[in-house]
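A short worksheet on the structure shown next.
Counting starts at 1 for both ligands and their atoms, following the listed order.
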Amino acid sequence: MADFDVVVIGGGPGGYVAAIRGAQLGLNVACVDDWKNAQGKSALGGTCLNVGCIPSKALLESSEQYEAVQHDMAVHGIMIQGVSLDLAKMMARKDKIVADFTTGITGLFKKNKVNSIAGRAKLLRRTEEGWRVGIDNGKREIVAKYVIIATGSRPRPLALAEVDGVQIVDNVGALSFSEVPQRLAVIGAGVIGLEMGSVWRRLGSRVTLLEAAPAFMAVADEAIAREAWRSFTKQGLTIYLGAEIDGVSQNKNGVRISWRDAKSGTQTLEVDKLIVAVGRVPNSEEVADAGVGLKRDAVGRIATDEYGRTCLPGVYAVGDVVHGPMLAHKASEEGVMVAERIAGQESSVNHHGVPWVVYTSPEIAWVGMTEQQLKSEGVAYKSGQFSFQANGRARCLNKASGFVKILAHARTDRVLGVHIIGPMASELIQQAVLAIAFSASSEDLARTVHAHPSLSEVVHEAALAVDKRAVHS
Ligand code: NAD
C-alpha cells in the first residue's frame, strides 16, 4: 500500500503550495525538501523565500528608504541631517522576515496536516503500489500514488567567474555582504543584476553592470526598456551592453574583469565584489533515477504538457524546473493546478496572464505581449500611453516618472499587453492581469471607475488613450 497519495519533491513556492492545496482537498501529502539555511537548519520556502524574492525585497525597501531620507525629504520640507547606515541591522531585519516566513510555512504544513520530510528525494521506480521515492540516498523509502516534482533552479555558472562566496558571489552572496563594497560589478543586467545593483548603489557602491546582450532588457517592451535605461543610468548605474567577458582574476584587493564591447573595445575594471547573475538552470538532473526515463528538453527542463504532466504516469512537474518564466507566482499557480488535477478537478493555468515585475525604482511590470512581439507576429494593434507626470497622486508622492502603455487588438479592442514603469507598478499591474484573464477590452478598462486621486488613474487614462480620448493629456 502507498504511504501517501502525493509526494511533493521541493518545498519552494511551487512545491509547498501544491502540498497545501493537495491536503486541503483531502489528499494525504508529504513534502520532501532538503534546504538548509545559513545556520544549517532545515527551512521551507526554497530559493524565493530564503535567498530570492523575499530577502531581496527587504533590502530593496531598506535601501530605498536610506536613499530617500538622504535625498528625497527636503522637497517635502523635511530636513534631515546625520543619516548613517547600520548594515548589520538592515541585514538582521531581512533575516528576521525570512525566518518568520519559513516558520510560517512549517505552521501552515502542520495546520493542513502536510507531512514535512527533511531530506533529498529521488524518484526510484514504479511498483504496483505506486512510485518509490528514496530519501537521502536510499536511507529511507516512501511510496506515493502521485509525485509532484518542484525542485526549482540554481544560478547558471559562468566558467570564467567561479563563485567563491566571498569576492565573487551569486544571488545568495549578493544578499549578505557584511560591508558596502565601494566598487561593485555585476555580470548580467537581468532581473537580479538590476535589483541587486540598485540595492548596493543606493547603499553607496559604485556599480557597473556588464551585459552580454546588445539590447537592454530585451524581454521588456522596447519603450519601457528605453525609459528604464534613462532612469537607471541617471541614478548612477553604469551599464555596458554587448559586453563579452574575456577574463576574471582575483587578488587580495579584489576582482579584475576584462571585457570587450563593440563600442569601447577592450576594457578592464577592478572591483571589490563581483555578482554573477546570468540566469538560472533547472534542478532536473538528480531528481529521478536514470532507469525511470523522465524526459527532459534540450535545455534540461523536465518536459511537461500544459497540465504539468511528465512522460511518466502519475508524475507531474511545476515551476522553474519546467518550461516558462522562472517566477515564483507562476510556480505556485502550477502547483495549485496539479494538486487539483490529482484530486480530480479540471484546473488549468493561464500562462498568457503571468505578470512580470522588476522591483527597481521606478518599478517595472508587464503582462501579455510587447509591442515588438505584436509587430513580429503581424498582429494589428492600437496603443495608448499615459504618463505619471500628469497624475495627482504620483506628484504628491514625488514619484511622477514613467508611464503606462496599453496595447489592444485593432479590431476587437481586446487587451493584449499592459506595460508599466513607475511607482507601485507591481501593484498596478494586477488590474491588467485581471483584464487579460477576463479577455477584457481597453474600453472595459476605460469605462471602469478608478478612485481619485490614485496611481491607478494612469492605467485608466492609458486605456482612454487607446481610443485617443485621454482626459488629462
Ligand atoms: P535573467 O535571465 O533575468 O538575466 C540574466 C542576464 O544575464 C541576461 O540579460 C543575459 O543576457 C545576461 N547574460 C547571460 N550570460 C552572460 C554573460 N556571459 N555575460 C554577460 N551577461 C550575460 O536572470 P537573472 O537576473 O540571473 O535572474 C534569474 C531568474 O530569477 C530569472 O529567471 C528571473 O526571472 C528570476 N528573478 C525574478 C525576479 C523578479 O521576479 N522580480 C527577481 C530576481 C530573479
**Prompt:** Is it true that the side chains of R296 and S284 contain a donor and an acceptor less than 3.5 Å apart?
**Reply:** yes
**Prompt:** Counting each atom of ligand 1 from 1 as listed, which ones have a heavy atom of M326 under 4.0 Å away?
**Reply:** 32 (O), 34 (O), 35 (C)
**Prompt:** Does R156 come within less than 4.0 angstrom of ligand 1, counting non-hydrogen atoms of the residue?
**Reply:** yes
**Asked** Is there at least one pair of N or O atoms, one from A212 and one from ligand 1, spaced under 3.5 Å apart?
**Response** yes
**Message:** Quick check: do E211 and F216 have side-chain heavy atoms less than 4.5 Å from each other?
**Reply:** no
**Request:** From the options V287, L312, D297, N283, select the one residue that forms a side chain to side chain contact (heavy atoms under 4.5 Å, CB included) with I302.
**Result:** V287
**Asked** When you measure from atom 11 (O) of ligand 1 to every protein heavy atom, which one gives the shortest distance, and what is it?
**Response** E211 OE2, 2.5 Å
**Asked** So is E195 polar-close to ligand 1, meaning N/O to N/O under 3.5 Å?
**Response** yes
**Complete:** If you compare D320, V278, T360 by their heavy atoms, the one closest to atom 16 (C) of ligand 1 turns out to be V278
**Message:** Going by the rule side chain to side chain contact (heavy atoms under 4.5 Å, CB included), which residues pair with L44 if we only count those two or more places apart in sequence or in a different chain?
**Reply:** D33, I105, T106, F109, S116
**Request:** Looking only at distances, please establish whether an N/O atom of ligand 1 is found under 3.5 Å from an N/O atom of V357.
**Result:** yes
**Message:** Considering non-hydrogen atoms of the protein only, which is the closest contact for atom 7 (O) of ligand 1, and what is the distance?
**Reply:** G188 CA, 3.4 Å
**Request:** Report, in ascending order of atom number, the atoms of ligand 1 lying under 4.0 Å from any heavy atom of L327.
**Result:** 34 (O), 40 (O)
**Side-chain donor-acceptor pair present, H450, Q431, cut-off under 3.5 Å** = yes
**Item:** Atoms of ligand 1, numbered as shown, that sit under 4.0 Å from any heavy atom of L210
**Value:** 20 (C), 21 (N)
**Request:** Heavy atoms only: give me the nearest L269-A185 pair and the separation to one decimal.
**Result:** CD2-CB, 3.9 Å
**Request:** For atom CZ of R183, decide whether the heavy atoms of other residues, nucleotides or ligands shown that lie under 6.0 angstrom number more than 12.
**Result:** yes
**Prompt:** Is atom CZ of R256 surrounded by more than 12 heavy atoms (other residues, nucleotides or ligands) closer than 6.0 Å?
**Reply:** no
**Message:** Which of the numbered atoms in ligand 1 are under 4.0 angstrom from any heavy atom belonging to Y359?
**Reply:** 41 (N)
**Prompt:** At what distance is the nearest protein heavy atom to atom 4 (O) of ligand 1, and which residue and atom is it?
**Reply:** G190 CA, 3.2 Å
**Message:** Looking only at distances, can you tell me whether any N or O atom of R280, backbone or side chain, sits closer than 3.5 Å to an N or O atom of ligand 1?
**Reply:** no
**Message:** Can you report which non-hydrogen protein atom sits closest to atom 42 (C) of ligand 1, along with the distance?
**Reply:** V191 CG1, 3.1 Å
**Message:** Yes or no: does G279 have any heavy atom under 4.0 Å from an atom of ligand 1?
**Reply:** yes
**Asked** Side-chain donor-acceptor pair under 3.5 Å between H323 and E306, yes or no?
**Response** no
**Asked** Can you find an N/O atom of I192 closer than 3.5 Å to an N/O atom of ligand 1?
**Response** yes
**Nearest neighbour in protein (non-hydrogen) for atom 5 (C) of ligand 1** = A277 O, 3.5 Å
**Message:** Quick check on contacts: which atoms of ligand 1 are under 4.0 angstrom from a heavy atom of L158?
**Reply:** 18 (N)
**Prompt:** Counting only heavy atoms not in E179, do more than 12 fall under 6.0 Å of its CD?
**Reply:** no
**Asked** So is there a nitrogen or oxygen of W356 less than 3.5 Å from a nitrogen or oxygen in ligand 1?
**Response** no
**Request:** Would you check if there is a donor-acceptor pair between the side chains of D221 and Q373 at a distance under 3.5 Å?
**Result:** no
**Prompt:** For ligand 1, which atoms have a heavy atom of I187 less than 4.0 angstrom away?
**Reply:** 19 (N), 20 (C)
**Prompt:** Are there more than 12 heavy atoms of other residues, nucleotides or ligands under 6.0 Å from atom NZ of K36?
**Reply:** yes
